[in-house]
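Since the structure is predicted, the reported quantities are computational estimates derived from the model, not experimental observations. What's counted below: heavy atoms across the whole structure, side chains too, no hydrogens, waters or symmetry copies.
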2 protein chains.
Amino acid sequence: MGNADLTEQEYLASYNVHAFDVPLTSVDLVIFTVREQALHVLLVRRGAHPAKGQWALPGGFIDIRNDPDLDGTALRKLREKTGVTAPYLEQLQGFGSSTRDPRGWSATFAYFALIGSSHIALQHGAGADAASWHPVGAAGVDLDLAFDHGVILATAVQRLRNKVEYTSLPAHLLAPEFTLSDLQRVYEIVLGRPIDKSAFRKRVKEGDFLEEITGKQRHGSNRPAQLYRIRSGQPTVFFSRTMGA
Amino acid sequence: MGNADLTEQEYLASYNVHAFDVPLTSVDLVIFTVREQALHVLLVRRGAHPAKGQWALPGGFIDIRNDPDLDGTALRKLREKTGVTAPYLEQLQGFGSSTRDPRGWSATFAYFALIGSSHIALQHGAGADAASWHPVGAAGVDLDLAFDHGVILATAVQRLRNKVEYTSLPAHLLAPEFTLSDLQRVYEIVLGRPIDKSAFRKRVKEGDFLEEITGKQRHGSNRPAQLYRIRSGQPTVFFSRTMGA
DNA sequence: CAAATAGTGTCTGTAAGACACTATCAG
DNA sequence: CTGATAGTGTCTTACAGACACTATTTG
């Protein structure tokens, strides 16, 4: 090991990251929303090499001078692309190999964000990369994505579909105020199949992660619907069973 | 951006990783087994700076010349420490911040391995680091671990306990041949509470991830027990509901 | 025979799915 | 009134948990 005789101070003073061959390390985001009755993912068209001109997940390198931690990098990227600051964000999975980036061995921490489409003000012009929403089909998007981003997206879609089965997570895909019918529609869109209304409502009420906005209802040419919001400070609720088969 | 006029070839030829401040990137392993009626985790005593002399999770840097991908790094580390080559291995989560390692901004891909204790031949002597098993209590181990390894271990324990509730995962903590009672005992050890025998057996049989070793039984001073093995090629089975409350 | 563990059968409560029912608005 | 969507009640079925029962060995 060669540092046997040093104190920790002496060791650290002599340590130089650049003396080693290290992998490139980045953070990429899979940002989902629901709009126009379909699940969408945010993609950027790359304005610079490598993979110039191809569609890719938003992301980039860790800024070791300013980012306190990985979540900080992810939040910064999210803010840069969407202007949103406090959505649902969780780490998805790491992807790393010698072949996924032509610049060399590279690894990425993929994140997974859900935002309500009303929140979004896409950032244009400033960067060279144009961001836009793309509908997500069975296992991904109808495009060849840069690097291994197709695989990352497919993993994220699978994780989302899986979690939707037994968690309250889809509530984050809606605007802050919504009806139970809105919420059910989002579940159905993400799962791709209908859900029984009665069973759905029983479970949501029992999960107790929503609160009525007392006195507020949405009116239409029918019976008005109670509006709800996510109970503040409430993290994801896990249901005791899966959503109706 | 600055590469607008280059071809991708020209850009890559001019690219130099060392021109940037990059984080240190490593892979750490949380290796679990069950022995002596308790869950244990493998720890190493660090023989080199930093955190010299402290207990830590086994792990290390990515070898970009030889490791094909992150799983490759994890498998290599696992082999170096335990001699085991094909156990259960899954990625846990990434951890990265400016403060977790005194050498600077660092990130790690934490992995999560399960092995049967009969498999293990701990590697001694070769390295400066001594590896040994430590019992795992409610949320971790009775030691101050190096870096943020205490947090990583706690996360891994939580994930294990959670997955045990509804998956066939604990089967990988046993020797290759085992009885249903053995398997139930492992579930009980990891969960820290008893499980009803009848319900347990119904679910395991229904999950259909085991096969009888026909004609083989374990004998004692009682009725002999049928031996089982994990059905080959069978990945983790998800039960439709949690193990007995 | 007793002791010990393996393995099964039966009952019951809970909760999800199916589906029909009622409620409340606009026009 | 009709049409539309919101919201509820009832019945049935599936299944997990409790627990008692039977089975098969050693000594």
So if I define the base as every atom that isn't primed, P, OP1 or OP2, how would nucleotides 18-27 of chain D read as a B/S/- string at a heavy-atom cutoff under 4.0 Å? BB---BBBS-
Rounded to 10°, the angle between the first-five-pair and last-five-pair axes of the helix from C/dC1-D/dG27 to C/dG27-D/dC1 is 10°
Between A/E165 and A/R193, is a salt bridge (Lys or Arg N to Asp or Glu O under 4.0 Å) present by the stated rule, with each step listed? CA-CA 11 Å; A/E165 292 278 1; A/R193 59 176 154 79; 2.7 Å; yes
Between CD of B/E206 and P of C/dT8 the distance, given in whole Å, is 15 Å
With B/F112, which residues qualify under ring pair (Phe, Tyr, Trp, His ring centres under 6.0 Å), at least two apart? B/F32
Between D/dT8 (P) and A/R203 (CZ): distance, integer Å: 17 Å
Partner set under ring pair (Phe, Tyr, Trp, His ring centres under 6.0 Å) for B/H40, not counting sequence neighbours: none
Pairing donors with acceptors under 3.5 angstrom, does anything connect the side chains of B/E90 and B/Y88? yes
Gap between atoms CG and P, on A/L227 and C/dC25 respectively (whole Å): 14 Å
Starting at CZ of A/R201 and ending at P of C/dA18, how long is that distance when rounded to a whole Å? 17 Å
Does the side chain of A/S181 get closer than 4.0 angstrom to OP1 or OP2 of D/dT5 through an N or O atom? no
Non-neighbouring partners of A/D208 that pass salt bridge (charged side-chain N to carboxylate O under 4.0 Å, His left out), sequence neighbours left out: A/R231
Whole Å only: how far is the OH atom of B/Y187 from the C1' atom of D/dG17? 17 Å
Let me know the distance between CD1 of B/I195 and P of D/dC15, rounded to the nearest Å. 19 Å
Do we see a donor-acceptor contact under 3.5 Å between the side chains of A/S168 and A/T236? no
For a quick test of reading the model, state the closest non-hydrogen atom pair linking B/A156 to B/V30 and the distance between them. CB-CG1, 3.7 Å
For a quick check under 3.5 Å, do B/S97 and A/D69 share a side-chain donor-acceptor pair by atom type? no
Test of understanding: with ring pair (Phe, Tyr, Trp, His ring centres under 6.0 Å), list the residues that count as partners of A/Y111, not counting sequence neighbours. none
Rounded interatomic separation in angstrom, taking OH from A/Y228 and C1' from D/dA6: 10 Å
Roughly how many Å is it from CG in A/D182 to C1' in D/dG7, rounded to a whole number? 14 Å
